[in-house]
Colleague: 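I have a structure I would like to understand better, so I am pasting it below and will then ask my questions one at a time.
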Number of protein chains: 2
Amino acid sequence: MEKLNLNSLRVFATAARHGNFQRAAEMLHISNGAVSQRIKQLEADLGVVLFDRKPRGVALTEKGRTYYSAVQEALSILAVATSDLGQSSRQIRLHIGASSAAKWLMPRMSAFNARFPEISLETEIHDTMLERNLGRNEIALWPARAPVHNSAHHVQCLCELQLVAVCSPDFLRPDWPVDTQALLAFPLLQDAHRRWERLVERTGYDGGHSILNFGRSALALDAAIQSHGVAIAPTFMIEADVRARRLVEIWRNPDPSGEYFFLSWPKQYAHENPLRQTVTWILSEFGIDTAADT
Amino acid sequence: MEKLNLNSLRVFATAARHGNFQRAAEMLHISNGAVSQRIKQLEADLGVVLFDRKPRGVALTEKGRTYYSAVQEALSILAVATSDLGQSSRQIRLHIGASSAAKWLMPRMSAFNARFPEISLETEIHDTMLERNLGRNEIALWPARAPVHNSAHHVQCLCELQLVAVCSPDFLRPDWPVDTQALLAFPLLQDAHRRWERLVERTGYDGGHSILNFGRSALALDAAIQSHGVAIAPTFMIEADVRARRLVEIWRNPDPSGEYFFLSWPKQYAHENPLRQTVTWILSEFGIDTAADT
DNA sequence: CGGCACGAGTAATGCTGCTTTGTCAATTTC
DNA sequence: GAAATTGACAAAGCAGCATTACTCGTGCCG
């Protein structure tokens with residue numbers, strides 16, 4: 001331990017989490033060779049084989065698994081402490097996906113600032129869900145099939161993701177509203193979730209259909225605003241654009257999506273004020289009342 | 001955090017613990033310059049000043065203090081997990097000082113092996129008390145003025161350190177036993193605790209006296225065995241040599257030393273068998289019965 | 001008040017480890 | 001079953017960390 005390379009442990013944890021050295025290398029912004037070397041060195045130092053090398057990726061050995069859970073816990077403590085360090089108590093850090101930030105948060109920012117001028121909200125955009133625990137004055141908003149429960153956090157479901165199709169008012173034809181079949185004939189704008197593709201598969205529709213892919217939901221929606229076609233997105237993301245008449249809803253998915261939008265915040269600091277106010281505000285924006293505490 | 005050098009955190013923790021970069025460098029077996037650079041880099045990365053530079057050493061700033069406690073906790077988790085990794089459940093690791101190992105443990109090793117042939121005892125010698133928590137199958141023996149309580153450990157006082165003066169039987173003169181004054185006239189063998197020196201000061205004795213210093217108690221005792229003079233040591237260290245007639249006790253310090261010998265072991269694994277057996281054995285060697293559990 | 005010891009900081013040079021590039025084996029796809 | 005893909009691993013050049021050998025400011029002691 002005295003001479004153990006701690007940076008290797010971060011590499012180990014990342015590789016263990018993804019079960020794949022290459023993916024780990026990407027996450028850490030280093031090369032795959034570096035990961036391979038680090039793990040090899042670490043295993044040599046510990047005198048223990050941590051991974052079984054499989055044809056596709058790697059899997060933790062029994063010892064690797066027990067070690068990983070400890071390493072993960074330690075790194076989480078460090079990450080939280082490091083994140084807390086620079087924070088003033090008036091600063092709230094909000095972890096959120098790019099599209100939710102653009103399409104849900106941004107339209108509400110000025111209202112938030114007007115209501116809580118003393119709180120400075122720092123939004124941090126993530127591609128993947130935050131792996132570590134939340135620190136003081138941190139909040140996370142994320143979509144998922146089921147809540148990731150964790151004894152350190154409160155988790156609150158904000159709404160189910162109900163999918164709707166939207167397009168620009170300029171894009172409207174006289175024959176609206178359309179049925180599902182007619183809908184699929186238009187240029188379809190989708191994001192990495194490939195919701196149109198899956199819908200096409202499910203309905204078994206096989207007329208010609210053109211699909212345009214975008215990296216993020218927000219881009220697909222912007223394309224719809226510019227009359228390039230019909231985008232599909234959860235209701236909370238289009239609300240502001242619909243109210244501003246940049247988009248109109250033309251179809252609503254009758255099936256439940258099975259996905260939900262969650263809010264989580266650290267239990268330990270739940271009573272402290274800038275955090276509690278921000279949580280309460282987000283809940284109220286989703287029509288959830290927390291009348292009990294003032 | 002993503003790009004934070006974790007090795008720097010170990011340097012930080014060590015420096016924080018000792019309040020001194022040079023001492024930290026020694027502990028880590030690196031140069032003082034390296035410590036200076038690491039801390040500087042770490043502070044730059046975090047954007048936070050962790051230490052106040054004092055004319056003699058350094059002191060943690062307010063933020064440094066809160067950060068240190070988290071880093072310390074994380075490193076302790078890693079140290080314990082790492083130490084547990086290679087361990088088989090039949091292996092007990094015993095952390096102990098060099099002299100206690102040589103003069104208390106070694107004479108009892110064969111008896112222990114005869115009694116518990118299935119337990120393999122691995123003794124690890126330390127100059128300073130172990131900073132981290134104990135892991136699975138780890139036990140620590142250490143002298144101190146007061147028990148260092150810790151919610152993760154059981155701590156049991158084994159005995160008070162009672163100081164006695166010993167010499168070789170060959171060294172004996174007809175006029176034994178002697179009084180304190182006469183004692184101090186002989187060549188005095190002492191270790192880093194400088195017990196003779198302090199005794200001379202306390203008694204105010206000012207006849208000529210010659211003192212030989214040894215780095216460890218065990219060396220002073222070996223010198224006494226070879227008739228070089230009179231050594232001073234706690235009873236538990238000389239017991240075996242006295243029984244073997246290599247040493248005789250010629251004086252006993254009437255004052256209480258205020259120091260005690262402690263045993264500690266992890267609560268979490270206290271019920272597991274090789275550990276429990278070893279703890280019970282050590283206690284019984286000090287005449288402490290744990291009749292309650294079998 | 002002068003010397004000395006302590007301890008942090010700095011600059012030039014050498015070694016660990018990261019990057020690049022390529023190989024090889026296993027697996028999927030057509 | 002040939003081609004493409006995936007993913008681990010290996011060898012040679014390059015960057016960052018450690019070492020060495022200093023400087024400099026501060027406090028202690030005679």
Side-chain angles (χ1 to χ4, degrees), chain A residues 1-61 63-65 68 71 75 78 128 197 201, chain B residues 1-61 63-65 67-68 71 75 128:
Chain A
M1 180 61 202
E2 296 255 306
K3 300 201 70 193
L4 194 67
N5 190 334
L6 297 180
N7 291 320
S8 299
L9 293 182
R10 173 165 47 202
V11 176
F12 163 62
T14 309
R17 184 171 323 118
H18 293 94
N20 181 316
F21 286 4
Q22 300 217 138
R23 203 66 55 80
E26 286 166 28
M27 302 308 293
L28 296 165
H29 307 108
I30 60 177
S31 65
N32 58 349
V35 173
S36 192
Q37 288 175 12
R38 290 317 257 170
I39 300 294
K40 192 176 178 184
Q41 183 63 43
L42 181 64
E43 288 182 327
D45 289 346
L46 295 172
V48 166
V49 176
L50 297 167
F51 291 105
D52 283 330
R53 273 66 171 179
K54 295 280 170 74
R56 294 286 162 111
V58 293
L60 283 170
T61 60
K63 290 194 170 185
R65 205 166 8 258
Y68 170 60
V71 171
L75 291 181
L78 291 179
T128 67
E197 247 170 53
E201 278 172 27
Chain B
M1 178 63 202
E2 294 257 305
K3 299 201 71 194
L4 195 65
N5 190 332
L6 297 180
N7 291 321
S8 298
L9 294 182
R10 173 164 47 202
V11 176
F12 163 62
T14 309
R17 182 158 43 246
H18 293 93
N20 181 317
F21 285 4
Q22 300 221 136
R23 204 65 57 77
E26 287 165 27
M27 302 309 292
L28 296 164
H29 308 111
I30 60 177
S31 64
N32 58 347
V35 173
S36 192
Q37 287 177 16
R38 297 304 257 190
I39 300 294
K40 192 177 176 182
Q41 183 64 45
L42 181 64
E43 289 182 326
D45 290 346
L46 295 172
V48 166
V49 177
L50 297 167
F51 291 105
D52 282 330
R53 273 67 170 179
K54 297 278 170 78
R56 293 290 162 108
V58 294
L60 283 168
T61 60
K63 290 194 168 182
R65 203 165 10 257
Y67 196 47
Y68 170 61
V71 171
L75 291 180
T128 66

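So you know, we letter chains A, B, ... as the sequences are listed, proteins then strands, and number each from 1.
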Colleague: Hey, what are the protein-to-nucleotides 13-17 of chain D N/O distances that come in under 3.5 Å?
Modeller:
from   : atom 1 : to      : atom 2 : distance (Å)
D:dC17 : O5'    : B:Arg38 : NH1    : 3.1
D:dC17 : O3'    : B:Arg38 : NH1    : 3.2

Colleague: Can you list the steps and then say if B:Leu6 with A:Arg10 is a side-chain contact (heavy atoms from CB on, under 4.5 Å)?
Modeller: CA-CA 8 Å; B:Leu6 297 180; A:Arg10 173 165 47 202; 3.9 Å; yes

Colleague: Quick check: does any side chain N or O of A:Glu43 sit under 3.5 Å from a backbone N or O of A:Val49, one acting as donor and the other as acceptor?
Modeller: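 Looks like no, no N/O pair under 3.5 Å.
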
Colleague: Go through the steps to decide whether B:Leu4 and B:Leu46 satisfy the test side-chain contact (heavy atoms from CB on, under 4.5 Å), and finish with yes or no.
Modeller: CA-CA 8 Å; B:Leu4 195 65; B:Leu46 295 172; 3.9 Å; yes

Colleague: Can you check whether B:Tyr67 reaches B:Leu9 side chain to side chain, under 4.5 Å on heavy atoms?
Modeller: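 Yes - at least one pair of side-chain heavy atoms lies under 4.5 Å apart.
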
Colleague: Taking the side chain as every heavy atom from C-beta outward, state whether B:Val11 and B:Leu42 have any pair of such atoms under 4.5 Å apart.
Modeller: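 B:Val11 vs B:Leu42: side chains apart.
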
Colleague: Indicate the atoms forming the closest heavy-atom contact of A:Ala13 with A:Val71, along with that distance.
Modeller: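 Of all heavy-atom pairs spanning A:Ala13 and A:Val71, the closest is CB-CG1, 4.1 Å.
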
Colleague: Hey, could you give me the CG/OG1 distance between A:Asp52 and A:Thr61, rounded to the nearest 0.5 Å?
Modeller: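 Interatomic distance, A:Asp52 CG to A:Thr61 OG1, rounded to 0.5 Å: 6.0 Å.
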
Colleague: Which distance, rounded to the nearest 0.5 Å, do you find between the CG of B:Asn7 and the OG of A:Ser8?
Modeller: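 With rounding to 0.5 Å, CG (B:Asn7) is 7.5 Å from OG (A:Ser8).
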
Colleague: Name each donor-acceptor pair under 3.5 Å that joins a side chain in residues 29-39 of chain A to protein atoms two or more places apart or in another chain, with its distance.
Modeller:
from    : atom 1 : to      : atom 2 : distance (Å)
A:Ser31 : OG     : A:Ala34 : N      : 3.3
A:Asn32 : ND2    : A:Gln22 : OE1    : 3.2
A:Arg38 : NH2    : A:Asn5  : OD1    : 3.4

Colleague: Indicate the atoms forming the closest heavy-atom contact of A:Tyr68 with A:Ala16, along with that distance.
Modeller: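 A:Tyr68 and A:Ala16 have their closest heavy atoms at CD1-CB, 3.6 Å.
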
Colleague: Keeping B:Glu26 on the side-chain end and B:Phe21 on the backbone end, is there a donor-acceptor pair under 3.5 Å?
Modeller: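 Judged by distance alone, no pair lies under 3.5 Å.
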
Colleague: Using five base pairs at each end to define the local axes, how bent is the helix from C:dC1-D:dG30 to C:dC30-D:dG1, to the nearest 10°?
Modeller: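 The angle separating the two end axes equals 30°.
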
Colleague: Give the first and the last nucleotide of DNA chain C, reading 5' to 3', that has any atom under 4.0 Å from a heavy atom of chain A.
Modeller: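 The contacted stretch runs from C:dG17 to C:dT27.
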
Colleague: Which pairs, protein N/O on one side and nucleotides 4-7 of chain D N/O on the other, fall under 3.5 Å?
Modeller:
from  : atom 1 : to      : atom 2 : distance (Å)
D:dG7 : OP1    : A:Asn20 : ND2    : 3.2

Colleague: To the nearest 0.5 Å, what is the distance between CZ on A:Phe51 and CG on A:Asn20?
Modeller: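 Going from CZ on A:Phe51 over to CG on A:Asn20, the span is 10.0 Å.
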
Colleague: Looking at DNA chain D, which of residues 6-14 of chain A put a heavy atom within less than 4.0 Å of it?
Modeller: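 Per residue number, the list is empty: none.
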
Colleague: Return yes when atom CZ of A:Arg23 has more than 12 non-hydrogen atoms of other residues, nucleotides or ligands closer than 6.0 Å, and no otherwise.
Modeller: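 No, not enclosed.
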
Colleague: Could you tell me how far apart A:Ile39 (CD1) and D:dA10 (P) are, to the nearest whole angstrom?
Modeller: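 The answer, rounded to whole Å, is 14 Å.
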
